[in-house]
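Structure first, then comments.
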Protein chains: 2
Amino acid sequence: MNRIHRKVEYALIALKHMRGKNPGERTTVKDMATQYRCPHDVLARVLQTLASRGVLKSEQGVHGGYLIAKDLNRVSFYDLLEMILGPMEVARCLQEPTASADSDPKAPFANDEAAVCELRETCNIVSPIQLLNRKMSEFYRNLSVAELIEAGRSLKSRESAKVNGAQL
Amino acid sequence: MNRIHRKVEYALIALKHMRGKNPGERTTVKDMATQYRCPHDVLARVLQTLASRGVLKSEQGVHGGYLIAKDLNRVSFYDLLEMILGPMEVARCLQEPTASADSDPKAPFANDEAAVCELRETCNIVSPIQLLNRKMSEFYRNLSVAELIEAGRSLKSRESAKVNGAQL
DNA sequence: TAAACTCGGTCTTTTTTAGTCTTATTTCAA
DNA sequence: TTGAAATAAGACTAAAAAAGACCGAGTTTA
């Protein structure tokens with residue numbers, strides 16, 4: 001239940017892979033796709049996104065490939081999810097017009113209404129949903145990608161007792 | 001992205017509704033389904049589940065209906081999710097034979113192997129996934145259903161500063 | 001210029017989730 | 001004792017979302 005999306009897994013796999021490389025060293029999508037047996041196209045697309053958001057840098061051409069461009073300690077898991085999956089909305093109620101702010105006046109089919117929760121009128125849990133959304137966002141924001149990727153490395157101390165408490 | 005399931009919403013709606021009733025007072029599925037415009041069958045099924053897990057009590061017959069049977073302060077959101085959606089598994093890697101322990105005698109096709117992650121062999125992120133799963137579980141466990149449902153009530157004090165800390 | 005990359009649009013397939021239909025079963029009251 | 005009103009639950013269908021494949025570019029360098 002409540003699985004993370006495959007794309008997110010692929011992103012983590014790739015990031016962890018590149019994390020181990022020498023600075024400046026590039027890795028091709030093809031390499032990673034074959035090594036980890038994940039679908040080339042999907043992985044490629046995810047990496048494109050991350051590159052467009054500054055987490056990775058892409059080099060085209062013959063000796064092209066990807067490399068990490070940003071300190072992963074400064075990239076939260078929230079950021080990663082948001083890049084790949086879009087803004088966090090735990091339920092349809094929340095539908096923010098959002099940062100993208102495309103007030104799309106052209107929109108031939110006004111699907112504004114389409115995606116909106118049809119329970120809206122009668123719903124008694126918008127506050128709870130908002131609270132949940134806030135808390136989850138906070139949780140994800142407090143978890144860095146670096147921390148995730150590094151997991152299992154520093155846990156000689158019995159599953160790192162403090163990993164749990166504290167911080168949240 | 002990462003929406004909670006409709007069934008979970010329905011559960012919250014129903015629980016919040018019943019929360020407002022006098023002790024002993026029953027509410028029928030039909031009432032709630034019509035009042036909140038959610039599909040009768042789906043709601044019914046969810047409530048059946050909650051009843052079977054002791055959160056609700058059901059009375060059959062003419063004056064039947066549901067009522068809350070357990071202090072919602074003692075039911076975590078994790079519990080709720082687990083009841084409705086099954087054990088928390090942030091990714092296929094994690095596939096526990098698990099506590100649910102429904103040795104499902106009907107299961108005609110042993111799909112044990114079927115659902116297993118096909119990246120398993122080459123995967124470099126099982127530790128990260130495990131960490132994430134642990135942290136998310138913890139997060140959900142530290143959030144009570146009562147707290148959620150009550151949201152928006154006690155927040156005259158500026159989004160109830162203490163909602164976060166404490167309790168954990 | 002050709003090979004080996006990334007880029008990005010559109011399409012199809014698969015999987016998951018949501019919802020419906022139908023047939024019990026229980027209870028109470030007229 | 002029978003019928004209305006409720007829960008219980010299996011099997012099925014529809015809809016939505018996610019995953020993946022295909023393809024035709026644009027870039028760089030040997």
Side-chain angles (χ1 to χ4, degrees), chain A residues 1-11 14 18 25-34 36-53 56-67 69 81 84-86 89 91-92 111 114-119, chain B residues 1-11 14 18 25-34 37-53 56-67 69 81 84-86 89 91-92 102 104 106-108 111 114-119:
Chain A
M1 69 89 141
N2 241 353
R3 300 233 168 100
I4 63 174
H5 292 206
R6 226 65 214 272
K7 290 179 187 170
V8 176
E9 292 186 44
Y10 296 151
M18 289 187 267
E25 188 175 350
R26 298 162 192 179
T27 314
T28 70
V29 174
K30 194 173 155 200
D31 279 359
M32 292 189 279
T34 60
Y36 299 107
R37 296 201 207 295
C38 45
H40 181 281
D41 282 15
V42 179
L43 179 57
R45 202 166 302 261
V46 169
L47 298 189
Q48 281 167 35
T49 305
L50 296 190
S52 80
R53 296 299 224 82
L56 299 179
K57 189 155 173 293
S58 75
E59 301 286 349
Q60 284 194 322
V62 171
H63 292 125
Y66 286 95
L67 39 75
L81 291 177
I84 299 176
L85 265 32
E89 286 161 0
R92 303 222 238 311
N111 58 346
V116 133
C117 178
E118 70 275 19
L119 303 179
Chain B
M1 70 84 142
N2 241 352
R3 301 235 166 98
I4 62 174
H5 291 205
R6 227 67 215 271
K7 288 178 189 171
V8 176
E9 293 186 45
Y10 296 151
M18 289 188 268
E25 188 176 351
R26 298 163 191 177
T27 315
T28 70
V29 174
K30 193 173 157 203
D31 278 359
M32 292 190 278
T34 61
R37 297 202 206 293
C38 46
H40 181 281
D41 281 17
V42 178
L43 179 58
R45 203 169 304 263
V46 169
L47 298 188
Q48 279 167 34
T49 305
L50 297 190
S52 80
R53 296 298 225 80
L56 299 178
K57 189 153 174 291
S58 75
E59 302 286 349
Q60 284 194 324
V62 171
H63 293 124
Y66 286 95
L67 40 76
L81 290 177
I84 298 177
L85 267 30
E89 286 161 0
R92 302 223 238 309
D102 300 319
D104 230 340
K106 43 197 180 243
N111 57 349
V116 134
C117 178
E118 69 276 20
L119 304 178

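Each chain gets a letter, A, B and so on, in the order its sequence line appears, and its residues count up from 1.
- Here D:dA21 presents its P atom at 13 Å from NZ of A:K7, a figure rounded to the nearest Å.
- For B:R37 and C:dG19, the CZ to P distance is 15 Å, given to the nearest whole Å.
- As a whole-Å value, the separation of A:K57 NZ from C:dT6 C1' is 13 Å.
- Closest to the side chain of A:T28, from the set C:dA18, C:dT6, D:dA6, is C:dT6.
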Enumerate the protein-to-nucleotides 11-17 of chain D contacts in which both atoms are nitrogen or oxygen and the separation is below 3.5 Å.
none

Please list, for nucleotides 27-30 of chain C, all pairs of protein and nucleotide N/O atoms separated by less than 3.5 Å.
from, atom 1, to, atom 2, distance (Å)
C:dT27, O2, B:V62, N, 3.2

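- Atoms NZ and CG, from A:K57 and A:L47 in turn, are 15.0 Å apart once rounded to the nearest 0.5 Å.
- When side chains are defined from C-beta on, A:L43 counts as touching A:M32, because their heavy atoms get closer than 4.5 Å.
- The interatomic distance linking A:L67 (CG) with C:dC5 (C1') rounds to 13 Å, in whole Å.
- Under the 3.5 Å distance criterion, the side-chain polar atoms of B:R26 are matched with a main-chain donor or acceptor of B:H63.
- At whole-Å resolution of the value, CE in B:M32 and C1' in D:dT7 are 12 Å apart.
- A distance of 10.5 Å separates CZ of B:R92 from CD1 of A:I4, quoted to the nearest 0.5 Å.
- In this structure, A:R53 atom CZ and C:dG8 atom P are separated by 14 Å, rounded to whole Å.
- A close approach under 4.0 Å does not occur between any side-chain nitrogen or oxygen of B:Y10 and OP1 or OP2 of C:dA18.
- Side-chain contact between B:L85 and B:H5 is present, with heavy atoms from C-beta onward closer than 4.5 Å.
- Closest to the side chain of A:Q48, out of C:dC7, C:dT20, D:dA9, is C:dC7.
- When distances run from any side-chain atom of B:D41 to the nucleotides D:dC22, D:dG20, C:dC21, the shortest one goes to C:dC21.
- Across the protein-nucleic acid pair, B:R6 atom CZ and C:dT16 atom C1' stand 16 Å apart, rounded to whole Å.
- Distances shown here put every side-chain N or O of B:S58 at or beyond 4.0 Å from the OP1 or OP2 atom of D:dA6.
- Side chains of A:V46 and A:R6 form no contact here, defined as non-hydrogen atoms less than 4.5 Å apart.
- Put simply, the side chain of A:Y10 reaches to within 4.5 Å of the side chain of B:L119, judged on heavy atoms.
- Looking at heavy atoms from C-beta onward, B:K7 lies out of side-chain contact with B:T49 at the 4.5 angstrom threshold.
- Expressed to the nearest 0.5 Å, how far CZ of A:R3 lies from SG of B:C117 amounts to 9.0 Å.
- Between A:H40 and B:P39, the residue whose closest nucleotide on DNA chain C is further toward the 5' end is A:H40.
- Atom OH in A:Y66 sits about 15 Å away from atom C1' in D:dT28, given to the nearest Å.
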